[in-house]
There are 2 protein chains.
Amino acid sequence: MKKLLKIFKALSDKNRVRILLMLTKKKLCVCEIQDILGITVSTVSKHLSILRDVEFINDEKDGKWVNYSLNTASKDIVLNQIMLILPFYLNDDELIKSDFEKVNTVCRKNLCNI
Amino acid sequence: MKKLLKIFKALSDKNRVRILLMLTKKKLCVCEIQDILGITVSTVSKHLSILRDVEFINDEKDGKWVNYSLNTASKDIVLNQIMLILPFYLNDDELIKSDFEKVNTVCRKNLCNI
DNA sequence: TGTTAATTTCGCTATTAGACGAAATGACAA
DNA sequence: TTGTCATTTCGTCTAATAGCGAAATTAACA
């Protein structure tokens, strides 16, 4: 029950749902997600830790970046069903479509002054 | 998106999940649900209005009582999938099993001094 | 019509959650 | 090793939410 409630709480925030949908397109680092959501890095990091806590996403070190990706190996039935339904449900959402466009053009190299 | 977030918010409270599971067994009035949850009637009523708002449940007048039941006619894919998954997921939860026993023995006639 | 009983709404309090900026951490590069 | 940059953690503020009791509402019935 506790786990289930954590899953639903994780899903009950707009920015966290947006992050999950973005990650269906490709792996992203914190600063890329921040650029798309338009909120501070610390807040993004908090959201990511909540999503990671319920095993919706995985993190993976890549130099000084941390890449986040969907956890596609979960055995949790709720997690899996929801990740099947979400894209279907939000296909036509204007905000999500706009996020998808940004995901395609977001460039870590421009964001971070390398 | 707004609707989806409302659905997940509705599901992110323990007592509301308990109510949904109880209603898989039979229709219940507010005072019966109150007796099982052990919280005040006004709080139960609030939870029910939240569940009704996202169309998880229906209300139906029956004399001076209001019977609440699951809405099995929803076309919302998230709602339907979740109601399929919930019982499966919480089958073995001790609290839910205890609620189920109480649902079987709860008696409106004893609760309300008729 | 007036009373009683079930339910809902209202006002309040305590806790939780999201947001921010600043400070701390960790990893690469000079 | 020292500096830089991405990320995380911490402290604080504000908004939202679950809980309660009391008042309002609604429906049956005397």
Side-chain angles (χ1 to χ4, degrees), chain A residues 1-2 5-20 23 27-54 57-69 95 106-114, chain B residues 1-2 5-20 23 27-54 57-69 95 106-114:
Chain A
M1 170 74 104
K2 218 170 173 181
L5 293 174
K6 272 178 142 185
I7 292 174
F8 289 135
K9 272 188 213 295
L11 291 163
S12 65
D13 177 88
K14 181 168 71 172
N15 285 329
R16 286 196 290 268
V17 171
R18 290 172 71 187
I19 291 172
L20 286 179
L23 293 179
K27 293 184 181 187
L28 294 166
C29 70
V30 180
C31 60
E32 290 171 317
I33 295 171
Q34 187 230 353
D35 185 59
I36 297 172
L37 292 182
I39 57 179
T40 64
V41 180
S42 66
T43 304
V44 172
S45 180
K46 184 84 180 300
H47 284 314
L48 289 168
S49 80
I50 290 169
L51 290 172
R52 188 179 40 206
D53 182 50
V54 288
I57 60 177
N58 293 316
D59 59 344
E60 177 196 359
K61 291 246 168 84
D62 172 22
K64 54 182 163 183
W65 289 278
V66 179
N67 283 325
Y68 282 90
S69 57
L95 184 56
V106 78
C107 178
R108 188 180 309 185
K109 289 193 176 108
N110 292 339
L111 292 173
C112 314
N113 33 354
I114 303 175
Chain B
M1 169 73 103
K2 217 170 174 180
L5 293 175
K6 270 177 143 184
I7 291 174
F8 289 134
K9 271 188 215 295
L11 290 163
S12 65
D13 178 89
K14 182 169 71 172
N15 285 330
R16 286 195 290 267
V17 171
R18 290 172 71 187
I19 291 172
L20 287 179
L23 293 179
K27 293 183 180 187
L28 294 165
C29 70
V30 179
C31 60
E32 290 171 316
I33 295 172
Q34 187 230 354
D35 184 59
I36 297 172
L37 292 181
I39 58 180
T40 63
V41 181
S42 66
T43 305
V44 172
S45 179
K46 184 85 180 300
H47 284 314
L48 289 167
S49 80
I50 290 170
L51 290 172
R52 188 179 41 206
D53 182 51
V54 288
I57 59 176
N58 294 315
D59 59 344
E60 176 197 358
K61 292 248 167 85
D62 171 22
K64 54 182 163 184
W65 289 279
V66 179
N67 283 326
Y68 282 90
S69 57
L95 184 55
V106 78
C107 179
R108 188 179 307 184
K109 288 194 178 109
N110 293 340
L111 292 172
C112 313
N113 32 355
I114 303 175

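Quantities reported herein were computed from a predicted structural model and do not represent experimental measurements. In what follows, every chain begins at residue 1, and chains take the letters A, B, ... in the order their sequences are listed.
Taking the side chain of B/Ile50 as heavy atoms from C-beta on, and the options D/dA18, D/dT8, C/dT7, the nearest nucleotide is D/dA18. Listed nucleotides D/dT7, C/dA17, C/dA6 differ in distance to B/Lys64; the shortest reach to its side chain belongs to C/dA6. Comparing C/dT7, D/dT7, C/dG26 against the side chain of B/Val30 picks out C/dT7 as the nearest. In the set D/dA6, C/dG26, C/dA19, C/dG26 carries the atom at the smallest distance from any side-chain atom of A/Lys61. Comparing C/dA27, D/dT8, C/dT7 against the side chain of A/Ser45 picks out D/dT8 as the nearest.
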**OP:** With side chain to side chain contact (heavy atoms under 4.5 Å, CB included) as the test, would you mind laying out the steps for A/Val106 and A/Leu28 before giving the verdict?
**Re:** CA-CA 9 Å; A/Val106 78; A/Leu28 294 166; 4.1 Å; yes
Subject >> Evaluation steps, side chain to side chain contact (heavy atoms under 4.5 Å, CB included), between B/Leu95 and B/Lys14 >> reply: CA-CA 10 Å; B/Leu95 184 55; B/Lys14 182 169 71 172; 4.0 Å; yes
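Between B/Tyr68 and the phosphate of C/dT8, there is a side-chain N or O to OP1/OP2 separation shorter than 4.0 Å. B/His47 has a side-chain polar atom (N or O) that falls below the 4.0 Å cut-off from OP1 or OP2 of D/dG19.
Closest non-hydrogen pair, A/Ile39 versus A/Val44, comes out as CG1-CG2, 3.7 Å. For the pair B/Ile33 and B/Ile19, the tightest heavy-atom approach, listed with the atom from each and the gap, is CG2-CG1, 3.8 Å. Residues A/Ala10 and A/Ile50 approach most closely at CB-CG2, 4.0 Å, considering heavy atoms. Pairing each heavy atom of A/Val17 with each of B/Leu5, the nearest pair is CG2-CD2, 3.9 Å. Summarising the geometry of A/Gln34 relative to A/Thr40, their closest heavy-atom pair is CG-C, 3.9 Å, with the distance given to 0.1 Å.
For DNA chain C, no neighbouring residue in residues 11-19 of chain B is found when judged by any heavy atom under 4.0 Å.
For A/Ser12 (side chain) and A/Lys9 (main-chain N/O), a donor-acceptor pair under 3.5 Å exists by modelled atom type.
Within 4.0 Å (heavy atoms only), B/Leu48 reaches no atom of the nucleic acid at all.
Only one option out of A/Glu32, A/Arg52, A/Lys27, A/Glu60 pairs with A/Tyr68 in a side chain to side chain donor-acceptor pair (under 3.5 Å); it is A/Arg52.
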Check the interface with nucleotides 21-25 of chain D: list each N/O to N/O pair with the protein under 3.5 Å, or write none.
from: D/dG21; atom 1: N7; to: B/Ser42; atom 2: OG; distance (Å): 3.4
from: D/dG21; atom 1: O6; to: B/Ser42; atom 2: OG; distance (Å): 3.0

